Amino acid sequence: MRGVVYVDILVLVNAVIAMFLLRCTARLTGSPLGLFRMAAAGLAAGASSLILLLPPMSAWVLTAAKIGSAGVIVGLAFAGRGVRAFLKTCFWYLVLNFLLSGVVFAVMYYTETGSVESNNMTFYLNVSPGVLFVCVGGVYLAVRLCEAAFGRPQRHPHHTFVCEICMAGECAKMHGVALCDTGFSLRDMFTGEDAFLLSFPAVRNALPKALQEALQSYYESGTLCPPLHLVTTQTVSGVKCLPAMRAQSLTVAGQNLGKRLAVFSPEVLGAGNFDAIIGG
């Protein structure tokens with residue numbers, strides 16, 4: 001015998017549960033999550049639950065739909081932080097969903113209350129919203145206990161920076177946003193000089209004309225023009241030798257760090273969220 005599914009309750013309950021799970025995901029990954037993004041992602045999760053009411057579909061279509069909806073939900077909540085961060089938040093969001101499902105099924109099994117409706121790889125748990133929210137609260141409490149025991153992931157601060165570089169008698173000052181990461185270490189292996197990473201696409205138009213042409217020539221043909229030299233650098237796409245030259249000055253959040261090597265990456269950093277990465 002099939003039960004009655006109330007669409008408004010189905011969407012609303014799933015939306016609220018998704019928002020709690022996204023909040024837990026943010027805490028586990030150290031990711032920022034604004035109220036508007038959380039609400040938008042929650043509404044998307046509530047809407048995705050309506051697949052329960054559609055006619056039965058093939059497993060391939062349902063799998064693609066499930067993966068796509070999870071990507072949309074996480075993307076709405078944590079967009080613009082790069083592929084690696086996106087995959088990390090997707091992983092924890094799915095883990096928390098499985099954890100919550102296990103908790104709810106356990107409560108139903110041991111209390112012998114409620115029933116389950118299933119269709120299109122989606123389950124409708126016919127229990128009171130109060131029971132569901134208590135289970136969600138239990139998962140949230142478990143996340144907070146893990147934070148208390150192991151510490152919460154730290155977010156790397158973003159600061160404004162000013163960098164001055166001169167080449168062929170022309171000097172230019174670049175202004176941008178830097179990711180200040182104490183775990184980031186970059187230096188010239190031959191001189192031991194400290195260096196920082198600059199995104200060439202982000203600062204290109206602010207560079208001296210001669211430096212723009214020299215960097216473009218290296219990226220296109222591998223031709224290295226002095227005073228540029230190569231520095232071995234670990235990037236998200238692997239170990240590379242990137243062109244570098246000494247900056248006349250580097251100021252971060254009002255603090256003058258003096259002369260440092262500027263290493264130019266041909267890639268956009270952090271999906272464009274920042275223009276440079278500077279170590280502690």
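Start at 1 with the first residue, then count along the sequence. What you are looking at is a predicted structure, and each value in this text was computed from that prediction instead of being measured. Just so you know, these numbers use all the heavy atoms, side chains as well, and skip hydrogens, waters and symmetry mates.
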Next item on the list: Starting at CE of M167, measure out to SG of C225 and round the result to the nearest 0.5 Å.
Entry: 6.5 Å
Next item on the list: Is it possible for you to say whether W92 and L99 belong to one hydrophobic cluster, with membership spreading through side-chain heavy-atom contacts below 4.5 Å?
Entry: yes
Next item on the list: Could you check L242 against L230 for side chain to side chain contact (heavy atoms under 4.5 Å, CB included), going step by step and ending with a plain yes or no?
Entry: CA-CA 5 Å; L242 297 178; L230 297 179; 6.0 Å; no
Check: Taking the side chain from E170 and the backbone from K209, do they hold a donor-acceptor pair closer than 3.5 Å?
Finding: yes
Notebook entry, point to check: Within the side chain of T223, is there an N or O that forms a donor-acceptor pair under 3.5 Å with the backbone of Y218?
Noted result: no
Check: Can you get from F78 to L43 by hopping between Ile, Leu, Val, Met, Phe, Trp and Tyr side chains that sit under 4.5 Å apart?
Finding: no
Checklist line | Euclidean distance, S265 OG relative to L215 CG, rounded to 0.5 Å | finding: 11.0 Å
Item checked: Joint hydrophobic cluster, L22 plus V72, side-chain heavy atoms closer than 4.5 Å -> no
Notebook entry, point to check: In Å, rounded to the nearest 0.5 Å, how long is the span from CG of L21 to CG of L94?
Noted result: 10.5 Å
Note to self: Side chains of Q212 and Q216: any donor to acceptor distance under 3.5 Å?
What the structure shows: no
Notebook entry, point to check: Out of curiosity, C166 SG to L207 CG, how far, rounded to the nearest 0.5 Å?
Noted result: 11.5 Å
Next item on the list: Please list all pairs passing the salt bridge (charged side-chain N to carboxylate O under 4.0 Å, His left out) test where one or both residues lie in residues 190-204, with sequence neighbours left out.
Entry: R187-D194, E193-R246
Notebook entry, point to check: Which word best sums up how the rings of Y219 and F200 line up, parallel for under 30°, tilted for 30 to 60°, or perpendicular for over 60°?
Noted result: tilted
Item checked: Approximate separation, where rounding is to 0.5 Å, of S249 OG and R260 CZ -> 12.5 Å
Next item on the list: Compare all side-chain heavy atoms of F196 with those of V252 and state whether any distance is below 4.5 angstrom.
Entry: no
Check: Do M245 and L261 have side-chain heavy atoms sitting under 4.5 Å apart?
Finding: no
Next item on the list: State yes or no: do M38 and L76 share one hydrophobic cluster built from I, L, V, M, F, W and Y residues joined by side-chain heavy-atom distances below 4.5 Å, directly or via other members?
Entry: no
Checklist line | CZ/F20: more than 12 non-hydrogen atoms of other groups inside 6.0 Å | finding: no
Checklist line | Minimum side-chain heavy-atom gap K173-C163 below 4.5 Å | finding: no
Margin query: Ignoring hydrogens, what is the shortest heavy-atom contact between P201 and P266? Give both atom names and the distance.
Written below: CG-O, 3.5 Å
Notebook entry, point to check: If we only count heavy atoms from C-beta on, is the L197 to F264 side-chain gap below 4.5 Å?
Noted result: no
Check: Is there a side-chain contact between C241 and V231, using heavy atoms and a 4.5 Å cut-off?
Finding: no
Next item on the list: For the pair I165 and L211, evaluate side chain to side chain contact (heavy atoms under 4.5 Å, CB included) and give the outcome as yes or no after the intermediate values.
Entry: CA-CA 9 Å; I165 294 183; L211 183 54; 3.7 Å; yes
Item checked: Worked verdict on F161 versus T251 for side chain to side chain contact (heavy atoms under 4.5 Å, CB included) -> CA-CA 5 Å; F161 75 92; T251 303; over 6 Å; no
Check: Should I278 and L250 be marked as a side chain to side chain contact (heavy atoms under 4.5 Å, CB included) after you check the CA-CA gap, both sets of side-chain angles, and the distance that decides it?
Finding: CA-CA 10 Å; I278 303 172; L250 174 64; 4.2 Å; yes
Checklist line | Validation row: Y93, I73 side chains within 4.5 angstrom (heavy atoms) | finding: yes
Checklist line | Main-chain N/O of A45 paired with S48 side-chain donor or acceptor, under 3.5 Å | finding: yes
Next item on the list: Indicate, with yes or no, if I67 and V74 share a hydrophobic cluster defined by side-chain heavy-atom contacts under 4.5 Å among Ile, Leu, Val, Met, Phe, Trp and Tyr.
Entry: no
Next item on the list: Hey, could you give me the CZ/CE distance between R37 and M19, rounded to the nearest 0.5 Å?
Entry: 15.5 Å
